[in-house]
2 protein chains.
Amino acid sequence: MTVTETHRPLTLLPAGSVACMTCGARSASVCNAVEERDLRLLEGAAEKIRIAPGAPFMVEGAPADCFFNITSGTARLVKLLPDGRRQVTGFADAGRFLGLAATERFGFGAEAIDAVTACRFSRKRLRGLIDDVPLLERRLLASASSELAAAQEQLLLLGRKTALERVASFLLERQAALPVCRGGDETVSLPMGRGDIADYLGLTIETISRTLGMLKTRGCIAVDKASEIRIRLPARMRALAAGED
Amino acid sequence: MTVTETHRPLTLLPAGSVACMTCGARSASVCNAVEERDLRLLEGAAEKIRIAPGAPFMVEGAPADCFFNITSGTARLVKLLPDGRRQVTGFADAGRFLGLAATERFGFGAEAIDAVTACRFSRKRLRGLIDDVPLLERRLLASASSELAAAQEQLLLLGRKTALERVASFLLERQAALPVCRGGDETVSLPMGRGDIADYLGLTIETISRTLGMLKTRGCIAVDKASEIRIRLPARMRALAAGED
DNA sequence: AAGAGAATTTGACATGGGTCAAGGCGCGAC
DNA sequence: GTCGCGCCTTGACCCATGTCAAATTCTCTT
C-alpha cells in the first residue's frame with residue numbers, strides 16, 4: 001500500500017508558502033507581536049506543515065527542539081500513563097502556540113484531530129526571533145499565563161465537578177473558544193470524538209454520551225449531529241457548569 | 001478580644017527589612033535574575049509582609065494589583081465553586097512567585113498554611129522592574145512554563161489516577177519540592193492538613209487517611225506524626241505513582 | 001501534667017460513574 | 001444505492017470512593 005504525497009501524516013509545504021501577511025490565525029496568535037514591517041523575519045524563521053487527521057506531531061518526552069503555531073484545524077494535547085490511560089490536557093485551535101517547555105523534553109504530546117496546518121520553528125530560530133523582537137517574549141509570557149489560568153480552571157473541574165457540571169463547562173468553553181462561525185452563535189462545533197472529550201473531562205465515553213443525552217432531555221441542548229451541538233438554554237448551562245444546583 | 005500586633009493576620013514589616021542580599025529564597029526564585037549590584041532596585045520595589053497561619057493574602061476574583069514572592073513558609077492556592085467545594089491548585093513554598101494573572105483579576109486565592117513571609121510588589125513597580133531588568137521577564141516566562149508543566153501533570157493525576165496513585169505521587173512531589181532539610185532525605189514534611197491534601201488530590205479526608213494507612217501497612221511509608229512521613233520504599237512508591245501495578 | 005478542642009483515623013453503608021455488552025446509525029467506499 | 005465499519009448510544013450491573021458517624025490521638029492551654 002503506497003502512501004501518496006497528500007496522504008502522508010506530516011507534509012512539509014514548499015518554502016515560500018509561509019505568508020504571515022495574509023495568515024488568518026495571526027491576530028489570535030503570538031505572531032501578532034511582530035509588526036508588519038518585520039513579518040519577513042517571521043516568515044524566514046518558519047516552515048509551514050500540514051498534519052493529517054489523527055497524526056501526532058509532538059511526542060511526549062521527545063527532545064523539545066521545535067515549536068508550533070497552529071494556523072488551522074484543531075489538535076489534542078495528550079499525556080499518557082505507562083498502562084495506556086490517557087489525559088487530554090487541552091485542545092489547540094488556530095492561533096495556539098505550542099512547545100514552550102520548561103525542560104529539554106516535551107511535557108505532552110500533540111495530535112491532529114482534523115486536518116491541521118501549522119508553522120514550525122526550530123528552538124534556535126525562535127530564540128533569535130525573540131532577541132530581534134522583544135515584544136514577542138511579552139506575548140509568550142501573556143500566552144503562558146492564560147494557559148496556566150485555563151489549566152487551573154481545569155484542575156477545579158477534574159478535582160471537584162460532577163459529570164454533568166464537567167460536560168456543561170466543556171460545551172461553554174468550546175463555544176467561547178471558537179469565535180462565531182457558521183450556524184449562529186449558539187452552535188458549538190466538536191471536531192474531536194467522544195473519546196477525546198472523555199479523556200479531557202476525566203470521564204468515559206459512555207458517561208459523556210449519557211450526560212449529553214440528559215442535557216438533551218432537559219432541553220438545554222440540541223444534538224444535531226454527534227459533532228454539532230446547539231446550546232438552547234445558555235443561562236441554564238452556565239448555572240450547571242458552575243455547580244449552582 | 002484585642003488582636004495584638006504580632007497576631008494580626010497580615011503584618012507589614014518595617015521598611016528596610018527587605019534584605020535581598022541575604023534572602024534565603026533568592027536562589028530559588030525569579031529574584032535571582034537580578035544581579036547583585038542591582039539588588040537595591042529590587043529591595044526598593046518590595047515590601048516585606050508576614051501572614052499568620054490560615055490567613056488569606058490573595059483573594060480569587062479580586063483585582064490583581066500586586067504580586068508576591070514567598071520567602072518562607074508554605075501557602076495553599078485555592079479555587080472555589082459557589083457551593084463551597086474547593087480545589088487546591090497547588091502549594092507554594094519559599095521562592096515561589098505568585099500573582100501573574102492573564103486577566104485583571106486573580107484566578108485563584110492564596111492562604112498561609114504555616115507562618116509565611118513574603119515580598120509584595122505592586123503591579124506598577126513590577127512592571128518598572130521588568131523594564132529595568134530584562135532578564136526578569138525571561139525568568140518569569142521560565143517560571144510560568146514550569147508551573148504549566150506541573151499543572152498538566154496534575155491534570156493527569158486528577159483525570160486518570162486512582163487514589164493510591166494520587167497519594168503516592170503527592171508524597172514524592174513533596175519530597176522533591178523541599179530540598180533536603182532535617183530528618184534525612186527520605187523524610188517528607190507536610191505542613192498542610194489532610195483537608196488540604198484531599199482538596200489538592202480531588203479526594204476526601206477519609207480517603208487520604210485510609211490510603212496512607214494502606215501505604216503504611218504495605219511498608220512503603222512510616223507515619224511518624226501526621227505531618228511527617230518517611231518514604232521507606234522509594235522505588236515501590238515511584239512505581240505506584242506511575243500506575244505501574 | 002491534665003483537660004479541651006481540633007485533627008485524624010476507623011468503620012459501616014451509599015452512590016456516581018466505570019465496566020461490560022449489545023444495538024443503532026451515519027458516512028464513506030464501491 | 002447499499003454495504004460495512006467505526007463511532008455513538010443505551011442498558012444492566014459493579015466497584016472505588018464518598019458520606020455519615022464514632023472512636024482515637026494529637027496539640028495547645030492552663
Taking the six-membered ring for Trp, are A/Phe97 and A/Phe67 parallel (under 30°), tilted (30 to 60°) or perpendicular (over 60°)? parallel

Would you mind reading off the distance between A/Ile229 atom CD1 and D/dC8 atom P, rounded to a whole angstrom? 11 Å

Counting distance only, does the side-chain N/O of B/Arg166 pair as donor-acceptor with the main-chain N or O of B/Leu201 below 3.5 Å? yes

Dump the intermediate steps for side chain to side chain contact (heavy atoms under 4.5 Å, CB included) on B/Phe170 and B/Ile208, then the final yes or no. CA-CA 11 Å; B/Phe170 170 71; B/Ile208 300 299; over 6 Å; no

Rounded off to whole Å, could you give me the CD1-to-P distance for the B/Ile208 and C/dT10 pair? 14 Å

Can you tell me if B/Glu228 uses its side chain to pair, donor with acceptor, with the backbone of B/Leu190 under 3.5 Å? no

Under a 4.0 Å heavy-atom cut-off, which of residues 214-226 of chain A touch DNA chain D? A/Ala226

Give the rounded distance in Å between these two atoms: CG of B/Leu190 and P of C/dT8. 10 Å

Check B/Val18, B/Ile49, B/Leu13 against B/Cys119 for a side chain to side chain contact (heavy atoms under 4.5 Å, CB included) and give me the one that passes. B/Val18

Could I get a table of every N or O pair under 3.5 Å where one atom is in the protein and the other is in nucleotides 13-19 of chain D?
from, atom 1, to, atom 2, distance (Å)
D/dT17, OP1, B/Ala163, N, 2.9
D/dG18, OP2, B/Thr204, N, 3.4
D/dG18, OP2, B/Thr204, OG1, 3.2
D/dG18, OP2, B/Thr207, OG1, 2.5
D/dT19, O4, B/Arg210, NH2, 2.8

Are any of the side-chain nitrogens in A/Glu165 or A/Arg160 under 4.0 Å away from the carboxylate oxygens of its partner? no

Between atom CG in B/Asp196 and atom C1' in C/dA7, what is the gap in whole Å? 12 Å

Distance in angstrom units between A/Arg194 CZ and C/dG26 C1', rounded: 13 Å

Strictly distance-based, threshold 3.5 Å: is any side-chain N or O of B/Ser209 a donor or acceptor partner for the main-chain N or O of B/Ile205? no

Keeping the roles fixed (side chain from B/Arg236, backbone from B/Gly219), state whether a donor-acceptor pair exists under 3.5 Å. no

Among residues at least two apart in sequence or on other chains, which ones pass salt bridge (Lys or Arg N to Asp or Glu O under 4.0 Å) with B/Asp114? none

All salt bridge (Lys or Arg N to Asp or Glu O under 4.0 Å) counterparts of A/Arg210, not counting sequence neighbours: none

Computed from five pairs at either end and rounded to 10 degrees, the angle between the axes of the helix from C/dA1-D/dT30 to C/dC30-D/dG1 is 50°

Whole angstrom is fine here: how far is it from CD in A/Glu228 over to P in C/dC27? 11 Å

Any pair with a residue in residues 72-81 of chain B that passes salt bridge (Lys or Arg N to Asp or Glu O under 4.0 Å), sequence neighbours left out, goes on the list, sorted by first then second residue, please. A/Glu153-B/Lys79, B/Glu60-B/Lys79, B/Arg76-B/Glu111, B/Arg76-B/Asp196

